[in-house]
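Contents: one structure, followed by commentary.
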Amino acid sequence: MNRHDVRSRILEKRFLAPRHVWMRLECDWDPARVQPGQFLHLWLPELRDPLLRRPYTIYRIRPGEVEILFQVVGKGSGLLAEREPGERVHLLGPLGRGFALPEPGTRALIVGGGVGMASLFLLIQRLREQEFEVEVFIGARSRDYLLCRDEAAESGALVWLATEDGSEGFAGLVTELVAQRLERNPPERAVLYGCGPTPMMEALAKVGAAHRLPTYVALENRMGCALGVCLGCVVPIRREGTSRYERVCTEGPVFEAAQVCWGFRI
Amino acid sequence: MNRHDVRSRILEKRFLAPRHVWMRLECDWDPARVQPGQFLHLWLPELRDPLLRRPYTIYRIRPGEVEILFQVVGKGSGLLAEREPGERVHLLGPLGRGFALPEPGTRALIVGGGVGMASLFLLIQRLREQEFEVEVFIGARSRDYLLCRDEAAESGALVWLATEDGSEGFAGLVTELVAQRLERNPPERAVLYGCGPTPMMEALAKVGAAHRLPTYVALENRMGCALGVCLGCVVPIRREGTSRYERVCTEGPVFEAAQVCWGFRI
Amino acid sequence: MNAFQPDMRVNIGGFQMKNPVMVASGTFGYGSEYAEFVDLNRLGGVAVKSITLEPRAGNPPPRIAETPAGMLNTIGLQNVGLEAFLTEKLPYLRQFDTSVLVNLSGYTVSDYVQLCERLSEAEGVHGLELNVSCPNVDCGGMQFGVDPQLLGELVAACRRATRLPLIVKLSPNVTDIVTLARVCEEHGADGLSLINTLLGMAIDVRTRRAKLSRGVGGLSGPAIRPIAIRMVWEVARTVSLPIIGMGGITCTEDALEFILAGATAIAVGTANFVNPSVSMEIVSGLEAYFQEHQIASVDKIVGTVQVDG
Amino acid sequence: MNAFQPDMRVNIGGFQMKNPVMVASGTFGYGSEYAEFVDLNRLGGVAVKSITLEPRAGNPPPRIAETPAGMLNTIGLQNVGLEAFLTEKLPYLRQFDTSVLVNLSGYTVSDYVQLCERLSEAEGVHGLELNVSCPNVDCGGMQFGVDPQLLGELVAACRRATRLPLIVKLSPNVTDIVTLARVCEEHGADGLSLINTLLGMAIDVRTRRAKLSRGVGGLSGPAIRPIAIRMVWEVARTVSLPIIGMGGITCTEDALEFILAGATAIAVGTANFVNPSVSMEIVSGLEAYFQEHQIASVDKIVGTVQVDG
Ligand SMILES: Cc1cc2nc3c(=O)[nH]c(=O)nc-3n(C[C@H](O)[C@H](O)[C@H](O)COP(=O)(O)OP(=O)(O)OC[C@H]3O[C@@H](n4cnc5c(N)ncnc54)[C@H](O)[C@@H]3O)c2cc1C
Ligand SMILES: Cc1cc2nc3c(=O)[nH]c(=O)nc-3n(C[C@H](O)[C@H](O)[C@H](O)COP(=O)(O)OP(=O)(O)OC[C@H]3O[C@@H](n4cnc5c(N)ncnc54)[C@H](O)[C@@H]3O)c2cc1C
Ligand SMILES: Cc1cc2nc3c(=O)[nH]c(=O)nc-3n(C[C@H](O)[C@H](O)[C@H](O)COP(=O)(O)O)c2cc1C
Ligand SMILES: Cc1cc2nc3c(=O)[nH]c(=O)nc-3n(C[C@H](O)[C@H](O)[C@H](O)COP(=O)(O)O)c2cc1C
Ligand code: FES
Ligand code: FES
């Protein structure tokens, strides 16, 4: 395998919204070997509280540096958001199994909820590089939280927006927008890719099933090691008729939505 | 009493030596009510590791601000030294019983070891303001660690220096220098004040006893509350023939050296 | 403005408090030391430092050491003794509208009984807390706290010696806290305090000496909170005595964790050392939480944590 | 250049290691997962994740939660089972010059005995570690770990079933660890592992649900180190079996703390998750320490901590 623990430094930081942070970090991983949807496990060295690392998807990567995009939700992300350029972080990665690109000629419908878009930008980029038709559905609470809309549009993808409060685009859940889009104009050959909160992924799985579209979702779970060892990050997955626990950090984070036994708690 | 818990910010920071840091902090305590030798209990808010506050003597105080001078020895001082101007700290104080000024006409011999000088500068200042004759004995490992020499000289005190490696002044322990000074030219009426590592304070107590001089020393101990509650900071003190445990944070940090039952461990 | 006024009062087997927030024994002195930082009238209750019949000098230094998210102490029950407590310390506390829980400790059943009798006559004592769990003296009650037989006898004897609410403070250094809690219930206790400190040790690698003078000491602080929460939950599910929960509480959220686990009241210990006004912040924080969630009274959520399976 | 070459080898009742640094069961998988970060040839030993006779699915999520300086887990002994271990996992470990300690767990004495017998025949197993202390399954051996009678019977039965070094991993959730350690000694164990996780619980105040699916789980990490050090010290003073010390080790200094307290070897657990190469850093760090202080071999400092009184 191809995993490293890099002693890195923060190169740049920007608040995109009051609780959304973008960071550029030193990192020497080969961009060509990073799959879209893979993640890194970030440590603020020497801290004992929080004790554990925090997983963040690789938002963008270039030779010598990697970008992440994260939301401040608790102690770990709060402390990270306070760090300034020059300060040290350790990056373990690239980790997990990412999104596989579809057969040529397939239309890719990409559905991101909130900060879930961070996991999808690399996928959009790779798909567009190979000239797939891409439609991107971006959902958020309100317009200030719509992430990556310009980047997606610039890549040549068709961009759909949904906000829960109706402050921009479709008023409602982004999965409802996807369902409408599919009903009004069912595509020939298409695949759904999604990342966002677990209930949204479950809703997307239903939309995908209703339209008989292969659907891939990136899941989240609390993580200990992120190396497949602690068995802390499992979710129930159905394969060949029987269900068993699989690790989000190793078998995932991307799973085929139809195989996920929804209803688990993380 | 007169104690406060101030939400403060760091105003300025400077490294005086690789492991010696000077800091100026926001603080609205009335300088007139701070005794020389009193200390503050400093918290890096929200941290759980280290969990406890750290005691530092009030090095200097002016309306609106306080200065401390500290050595990097472990985790707490290490993290504090990394903090930059603008960052938050909480200051509990002023705490403890400081040095009492002597009877008029008494000569004050002030003996500081290493960063112990931080506890003595305010005393020197107050004594000189009241035109006491003051001699200051500064001891350190080597010349780079001799603290406050210029400030002491500017105040009009007579300054003696001692380094263990002989790189400046007397070559040896500062308490040996004090003993020499007292033997060569015994003063009429004098008092000894000291601050430094516990073994040095014990040595100073012996010098004081040999010359029958009242001797006051500022002691250190591990502290929990610094408010007299946890009983964690006690040292054995002999009063009226019986010895008992007294609190460095409340009965101290300044004790009469002859009353301290030396040999305790901190 | 929020018109909703939750009822914050709680009752620990007759020990009445205006709100569920106490300060833990040994971490708040006898009240006066925190006067500049805490309005005692706002506190639900104060548990005073353990009292013994005679004054005690305590253990030699070093008495404390820091550990990750915790601290060790071996104070050794240093205290002024019963007489000085009654004449010098209690009058101060009587000035305030807060409930006073006197924590007591001894070598023998008779020590405890005498303390119960004398304290029952004193004005301004609202409840007694038996410390059967101090790890820092050779005979600090810890033998009672780990042996169901001895504990039963002690509780029964103290029960006969006082009509004040009788709360037993249990040791967490046991295989089965539930059995000991049941023994207290059967022998007439009115409530339980959970938990005292865990036995721990730390070594200075440089000097190769134990960091504490007696080697071992009691571990407190956030590090032990998960253990305390577990014990409160286990006991609350099986024993009907009301519980004062403590161990690592540093903020409102931590206090709520204990209440959800099954504690009717909570006590702040080590955190007082770090943030002297933390108990006040928790009083306000709990009030705000009950208002925001329109919870009418504390008992509505005591022990209501959901567990999946 | 330092010419002084300390002898870093240690021997836990026949379980030989080239240095005292192990990785703890359940925190290092079966070795291959850490291949990019750890040179297994440099490690003294590897304790593999608990093996049971049959494969086990483990507990539902959520399985882990963070606490101050610690973490809770309720993995529930998810493992591939004995057969898959022998055919799929053990061959990988055999490639390396490190000592393999197979940790095993069961419901009944017969489960343990069968595991001992089968594993004794396998090539590349250097020692057996009986897990009598898993808090995360209804019958995960924990009943053995808290009951001297049951523990004695289990150890005796396993002793008859194997000639491999037999190490018992004790639970810290007991009143008196020394009694249980003595029982192991009397019934033929060769060594002890101290400690497994402490029972703990955490509650999500927002959802009012336990953070772990089963409510309670095992607490590990730096938070528990003072408790582990205390237990190692207590046992080392009274029982002559060699000890593998663990609980919250994150660096060389922590490892030395255990050795001074009385552990002959040490194991790194939770810290592997945080810093995957930490075990390597401790191997180098200990070597440097022994060189710097001119300590000829590990046993020279095992249990040499000084306590004042
Ligand atoms: C594979 C993967 C990729 C992710 N990528 C991103 C990303 O690109 N941007 C982003 O903003 N977030 C991402 N997340 C979620 C992110 O890891 C959590 O928001 C973060 O761990 C919260 O930590 P905290 O200390 O701020 O919150 P706290 O609530 O204080 O955390 C407490 C504990 O819960 C865990 N936790 C809490 N929320 C989550 C969650 N949603 N998922 C997993 N663990 C959680 C934490 O890791 C920690 O152990 C990703 C999660 C996973 C599993
Ligand atoms: C009244 C008083 C005034 C002080 N004034 C100053 C000052 O002006 N400048 C200065 O540099 N130092 C001063 N000290 C010492 C200073 O408090 C310690 O150096 C500091 O607490 C070490 O913390 P740490 O986390 O860096 O070290 P660590 O070794 O990691 O600390 C571990 C624990 O030991 C305690 N500890 C360690 N060394 C000491 C010590 N020498 N005294 C007390 N507790 C200790 C810490 O508080 C902490 O609880 C003073 C101490 C006292 C009691
Ligand atoms: C310095 C110190 C002294 C203590 N003294 C006593 C005591 O005298 N009697 C007692 O019952 N508990 C005593 N305790 C235990 C506390 O009351 C409390 O049960 C324990 O510290 C756990 O709570 P915490 O983690 O919030 O501190 C003491 C604790 C500390 C830290
Ligand atoms: C996620 C996890 C899984 C564990 N699984 C096992 C196990 O299967 N068998 C066992 O004996 N101990 C198990 N343990 C306990 C560790 O081996 C170790 O005893 C404990 O975690 C204390 O060490 P630490 O604080 O360094 O982690 C596990 C610990 C963790 C954190
Ligand atoms: S996080 Fe440890 S196995 Fe996935
Ligand atoms: S530090 Fe608590 S009594 Fe002095």
Side-chain angles (χ1 to χ4, degrees), chain C residues 59-60 62 65 67-72 146-147 171 173-176 198-210 212-217 219 221-234 248 250 252-258 260-261 289 301 304-309, chain D residues 59-60 62 65 67-72 146-147 171 173-176 198-210 212-217 219 221-234 248 250 252-254 256-261 289 301 304-309:
Chain C
N59 294 331
T67 67
M71 69 175 277
L72 290 166
V146 300
D147 182 326
S171 166
N173 301 294
V174 296
T175 310
D176 181 9
L198 280 134
L199 271 173
M201 182 177 190
I203 297 170
D204 185 327
V205 169
R206 211 178 34 79
T207 61
R208 299 187 199 166
R209 300 177 73 154
L212 299 180
S213 62
R214 283 174 53 94
V216 304
L219 182 64
I224 70 168
R225 195 168 64 236
I227 300 168
I229 293 284
R230 185 261 297 179
M231 290 191 165
V232 168
W233 184 69
E234 281 181 351
T250 66
T252 302
E253 203 171 293
D254 298 345
L256 281 165
E257 211 180 329
F258 275 89
L260 293 168
Y289 179 90
I301 60 164
T304 57
V305 60
Q306 271 188 56
V307 174
D308 293 1
Chain D
N59 293 331
T67 67
M71 68 175 277
L72 291 165
V146 300
D147 182 328
S171 167
N173 302 294
V174 297
T175 309
D176 180 9
L198 280 133
L199 270 174
M201 182 176 189
I203 296 171
D204 184 327
V205 169
R206 211 177 36 76
T207 61
R208 301 188 196 163
R209 299 176 73 155
L212 299 180
S213 62
R214 284 173 52 95
V216 304
L219 182 65
I224 69 169
R225 195 171 62 237
I227 300 169
I229 293 284
R230 185 261 297 180
M231 290 190 164
V232 167
W233 184 68
E234 282 181 349
T250 67
T252 302
E253 202 171 293
D254 298 345
L256 280 166
E257 211 180 331
F258 275 90
I259 294 172
L260 293 169
Y289 179 89
I301 60 164
T304 57
V305 62
Q306 271 188 57
V307 173
D308 293 0

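Order of the sequence lines sets the chain letters (A, B, ...), proteins ahead of strands, with each chain counted from 1.
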Open item on the list: Once rounded to the nearest 0.5 Å, what's the spacing between atom CD1 of D:I229 and atom OG1 of C:T67?
Closed with: 11.0 Å
Task: Top of D:T250, D:V174, D:D254 for chain C proximity - count of heavy-atom pairs under 4.5 angstrom - done: D:V174
Open item on the list: For a 4.5 angstrom cut-off between non-hydrogen side-chain atoms, does C:M201 reach D:V307?
Closed with: yes
Task: Minimum-distance pair of heavy atoms, taken over all atoms of C:V205 and D:Y289 - done: O-OH, 3.9 Å
- [ ] Output the option from C:G215, C:P226, C:A228, C:A223 having the highest count of non-hydrogen pairs under 4.5 Å with chain D.
- [x] C:P226
Task: Between C:G221, C:A69, C:A65, the one whose heavy-atom pairs under 4.5 Å with chain D are most numerous - done: C:A69
Open item on the list: Keeping D:T175 on the side-chain end and C:T175 on the backbone end, is there a donor-acceptor pair under 3.5 Å?
Closed with: yes
- [ ] Specify the closest pair of heavy atoms between C:E257 and D:A202, including all atoms of both residues, with the distance to one decimal.
- [x] OE2-CA, 3.3 Å
Open item on the list: Between D:F258 and chain C, with a heavy-atom cut-off of 4.5 Å, which part of the residue counts as in contact: side chain, backbone, both or neither?
Closed with: neither
Open item on the list: Measuring only between side-chain heavy atoms, which start at C-beta, is C:I301 closer than 4.5 Å to D:R208?
Closed with: yes
Open item on the list: Any carboxylate oxygen within less than 4.0 angstrom of a Lys/Arg side-chain nitrogen, looking at D:D308 and C:R209?
Closed with: yes
Task: Gap between atom CG of D:L212 and atom CZ of C:R230 - 0.5 Å precision - done: 13.0 Å
Task: Gap separating the CD atom of D:E253 from the CD1 atom of C:I203, nearest 0.5 angstrom - done: 11.5 Å
Open item on the list: Does any backbone or side-chain atom of C:I224 lie under 4.5 Å from a heavy atom of chain D? Answer side chain, backbone, both or neither.
Closed with: neither
Task: Structural part of D:L219 lying under 4.5 Å from a heavy atom of chain C - done: side chain
- [ ] Against chain C, label D:I227 side chain, backbone, both or neither, depending on which of its atoms sit under 4.5 Å from a heavy atom there.
- [x] both
Open item on the list: Heavy-atom pairs under 4.5 Å with chain C: which of D:P60, D:P62, D:G248, D:A210 has the most?
Closed with: D:A210
- [ ] Working to the nearest 0.5 Å, report the span between CG of D:N173 and CG of C:D176.
- [x] 11.0 Å
Open item on the list: Return the CD to CG distance between C:E234 and D:L199, rounded to the nearest 0.5 Å.
Closed with: 6.5 Å
